[in-house]
Amino acid sequence: MSDATGADKAEGTKGTDGKGTDGKGTAGNAAYGRKPFKRSRSHFADRITADGRDGWPVEAGRYRLVVSRACPWASRAVVSRRLLGLEDALSLAITDPIQDDRSWRFSLDPDGRDPVLGIRFLGEAYDARETGYPGGVSVPAIVDVPSGQLVTNDYQRITLDLATEWTALHRPGAPDLYPEPLRDEMDEVMEGIYRDVNNGVYRAGFATEQSEYERAYRDVFRRLDLVSERLAGQRYLVGDTITEADIRLFTTLVRFDAVYHGHFKCNRAKLTEDPVLQAYAKDLYQTPGFGDTVDFDHIKRHYYQVHTGVNPTGIVPLGPGLSDWLTPHHREELGGRPFGDGTPPGPVPADEEVPASGRP
């Protein structure tokens with residue numbers, strides 16, 4: 001199975017009923033850091049498009065986005081959905097940050113069932129799509145509400161399609177997160193960030209050999225140095241507005257000091273020790289649609305309690321402190337227009353607000 005990393009768990013931990021071999025999650029969770037890390041490919045890569053060419057047309061109210069607030073890949077979709085104003089068109093299901101080998105579970109909801117899908121585990125939607133599917137159950141996932149079937153778990157494509165295929169349902173003033181004139185540059189920037197930063201921290205954290213860890217560690221900080229140089233003279237990664245590229249970098253940076261620096265041994269420096277990256281991340285965190293989706297409590301509890309192969313005691317550190325996320329960043333002095341000709345998103349829906357335990 002897969003956790004927020006998208007990494008395959010121990011072989012044989014998922015049966016046809018979607019349950020782990022011991023029913024408690026210990027077999028798969030303990031494998032982290034004890035077997036070579038491999039990022040799972042998105043097995044279900046259907047696309048939800050304006051013309052419905054894959055059989056899944058964009059339709060308000062038809063689909064449900066299932067996420068974990070702990071997962072950086074899922075958090076991309078949550079940020080995009082907020083910025084584009086798709087809350088009424090695409091409903092949101094939030095899983096418990098502590099998964100087990102039966103997959104992501106809806107134990108935060110009354111009776112332990114998602115109130116829309118009526119299921120206890122996300123794996124049930126996977127099984128409804130493909131009985132006996134042998135791969136991992138990962139987030140983000142979009143489920144077709146009428147059939148209860150998984151549509152897609154293609155985390156690389158979901159947000160791009162929200163930006164380009166769901167335009168008829170965007171809010172007035174929604175930003176263009178994947179502007180056509182910038183796509184070639186964006187794709188190049190995002191590929192390097194994905195390979196060395198988004199995925200690189202996991203390659204370091206789940207390495208089973210010293211040489212493997214050191215390669216990943218060097219890749220992470222080499223790329224962060226390049227990104228820091230790039231951002232020293234411009235407010236956003238590509239162009240003068242927020243784009244998909246910023247979303248993808250932010251979801252790793254916001255987790256860096258809380259989990260990747262210590263838990264994944266990416267400890268050459270903390271984010272707070274790089275003035276440019278720290279200010280950039282704070283700028284985005286304080287932008288509506290970014291920080292209001294981040295739950296530091298979910299993030300820390302997931303990584304430290306689920307990855308028992310890396311952290312066998314399951315102890316969750318109390319630090320680092322969070323108050324710095326709300327202090328001035330001064331990035332506006334570089335110019336740039338966060339939403340271009342558009343406007344910020346409205347208030348967070350009451351039932352989607354991050355609890356106080358997860359905020360600065």
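One N or O on the side chain of R129 and one on the backbone of L150 form a donor-acceptor pair closer than 3.5 Å. In terms of modelled atom types and a separation under 3.5 Å, the side chain of R337 and the main chain of I242 share no donor-acceptor contact. Not a single donor-acceptor pair under 3.5 Å links the side chain of D187 to the backbone N or O of D184. For D96 (side chain) and W104 (main-chain N/O), no donor-acceptor pair under 3.5 Å exists by modelled atom type. Checked by atom type and distance alone, the side chain of K300 never pairs as donor or acceptor with a backbone atom of Q305 at under 3.5 Å. Side-chain atoms of T241 do not come within 3.5 Å of backbone N or O of G340 as any donor-acceptor pair. Under the 3.5 Å distance criterion, the side-chain polar atoms of D246 are matched with a main-chain donor or acceptor of L237. With hydrogens and angles ignored, the 3.5 Å screen pairs no side-chain donor or acceptor of D109 with any backbone N or O of G112. At least one donor-acceptor pair under 3.5 Å links the side chain of E124 to the backbone N or O of F121. Side-chain atoms of R81 do not come within 3.5 Å of backbone N or O of L65 as any donor-acceptor pair.
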As a quick check of understanding, evaluate side-chain contact (heavy atoms from CB on, under 4.5 Å) for I142 and R64, giving each step before the final call.
CA-CA 6 Å; I142 297 183; R64 190 153 174 83; over 6 Å; no

What verdict does the side-chain contact (heavy atoms from CB on, under 4.5 Å) test give for D176 and D341, after you've listed the backbone C-alpha separation in whole Å, the side-chain angles of each residue and the deciding distance to 0.1 Å?
CA-CA 9 Å; D176 186 352; D341 294 329; over 6 Å; no

Yes or no on side-chain contact (heavy atoms from CB on, under 4.5 Å) for T272 and H261, after CA distance, side-chain angles and deciding distance?
CA-CA 11 Å; T272 53; H261 179 272; over 6 Å; no

Working note: D100 + R102, criterion salt bridge (Lys or Arg N to Asp or Glu O under 4.0 Å); need CA distance, chi angles, decisive distance, verdict.
CA-CA 5 Å; D100 64 25; R102 291 166 293 182; 2.5 Å; yes

Stepwise side chain to side chain donor-acceptor pair (under 3.5 Å) check, D144 with S147:
CA-CA 6 Å; D144 178 50; S147 68; 2.6 Å; yes

Show, in sequence, the C-alpha distance, side-chain angles and deciding distance for R230 and V189, and conclude whether the side-chain contact (heavy atoms from CB on, under 4.5 Å) test is met.
CA-CA 11 Å; R230 182 184 186 93; V189 169; 3.6 Å; yes

Would E165 and R53 count as a salt bridge (Lys or Arg N to Asp or Glu O under 4.0 Å) if you check the C-alpha gap in whole Å, the side-chain angles of each, and the deciding distance to 0.1 Å?
CA-CA 11 Å; E165 297 289 338; R53 55 187 176 273; 3.7 Å; yes

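No donor-acceptor contact under 3.5 angstrom links the side chains of D225 and S228, judged on distance only. Defined by atom type and a distance below 3.5 Å, a donor-acceptor pair is missing between the side-chain atoms of T152 and D154. Between Q156 and R76, the side chains place a donor N or O and an acceptor N or O closer than 3.5 Å (distance only, hydrogens not considered). Residues Y260 and Y202 bring a donor and an acceptor atom of their side chains to less than 3.5 Å of each other. A side-chain donor-acceptor contact under 3.5 Å links T343 and R171.
Rounding to the nearest 0.5 Å places CG of L92 at 11.5 Å from CG of L86. We find the CG-CD distance between D292 and E352 to be 10.0 Å, quoted to the nearest 0.5 Å. Separating the CG atom in L177 from the NE2 atom in H170 is a distance of 7.5 Å, to the nearest 0.5 Å. Separating the CG atom in L83 from the OG1 atom in T159 is a distance of 11.0 Å, to the nearest 0.5 Å. With rounding to the nearest 0.5 Å, the separation of OG in S80 from CG in L162 is 6.0 Å. Expressed to the nearest 0.5 Å, how far CZ of F44 lies from CD of Q149 amounts to 9.5 Å.
In this structure, F250 has its ring center closer than 6.0 angstrom to the ring center of F290. Checked against the 6.0 Å centroid criterion, the rings of Y303 and F264 qualify as a close aromatic pair. For an aromatic pair to be called close, the ring centres must be under 6.0 Å apart, and H43 with Y126 fails this.
By the 4.5 Å heavy-atom criterion applied to side chains, V145 and Y63 are not counted as neighbours. Under the 4.5 Å side-chain criterion, counting only non-hydrogen atoms from C-beta, Q286 is in contact with K282. V294 places none of its side-chain heavy atoms less than 4.5 Å from the side chain of R69. Within the 4.5 Å cutoff, the side chain of H329 has no heavy atoms near those of the Y285 side chain. Side-chain contact between D54 and T49 is absent, with no heavy-atom pair separated by less than 4.5 Å. When side chains are defined from C-beta on, V197 does not count as touching V227, because their heavy atoms never get closer than 4.5 Å. No side-chain heavy atom of V348 sits under 4.5 Å from any side-chain heavy atom of V354. Here the side chains of R105 and Q99 are not in contact, with every heavy-atom distance at 4.5 Å or above.
No more than 12 heavy-atom neighbours from other residues, nucleotides or ligands sit within 6.0 angstrom of CD on E188. Heavy-atom neighbours of K265 NZ from other residues, nucleotides or ligands within 6.0 Å: above the threshold of 12. Surrounding CD of E180 are at most 12 heavy atoms belonging to other residues, nucleotides or ligands under 6.0 Å away. More than 12 non-hydrogen atoms from other residues, nucleotides or ligands lie less than 6.0 angstrom from CG of N267.
D161 has a carboxylate O that lies under 4.0 Å from a charged side-chain N of R157, or vice versa, which qualifies the two as a salt bridge. Electrostatic pairing of E87 and R82 counts as a salt bridge here, judged by a charged N lying under 4.0 Å from a carboxylate O. A salt bridge links R235 with D283; the closest basic N to acidic carboxylate O contact falls under 4.0 Å. Under the 4.0 Å criterion applied to side-chain N and carboxylate O atoms, D219 and R195 are not assigned as salt-bridge partners.
In the hydrophobic clustering of ILVMFWY residues, with side-chain heavy atoms under 4.5 Å counting as a link, L160 and L182 come out together. Residues L322 and F256 are members of one and the same hydrophobic cluster, defined by side-chain heavy-atom contacts under 4.5 angstrom among Ile, Leu, Val, Met, Phe, Trp and Tyr. Under the 4.5 Å side-chain heavy-atom criterion for grouping Ile, Leu, Val, Met, Phe, Trp and Tyr, Y194 is connected to L253 within one hydrophobic cluster. With hydrophobic clusters built from ILVMFWY side chains whose heavy atoms lie under 4.5 angstrom apart, L226 does not share a cluster with L271.
Residues S103 and G123 come closest through the heavy atom pair OG-N, 3.0 Å. Minimum interatomic distance between V139 and W73 (heavy atoms only, all atoms of both residues): O-CB, 4.3 Å.
Just one of E209, Q210, R215 meets the side chain to side chain contact (heavy atoms under 4.5 Å, CB included) condition when paired with Y213; it is Q210.
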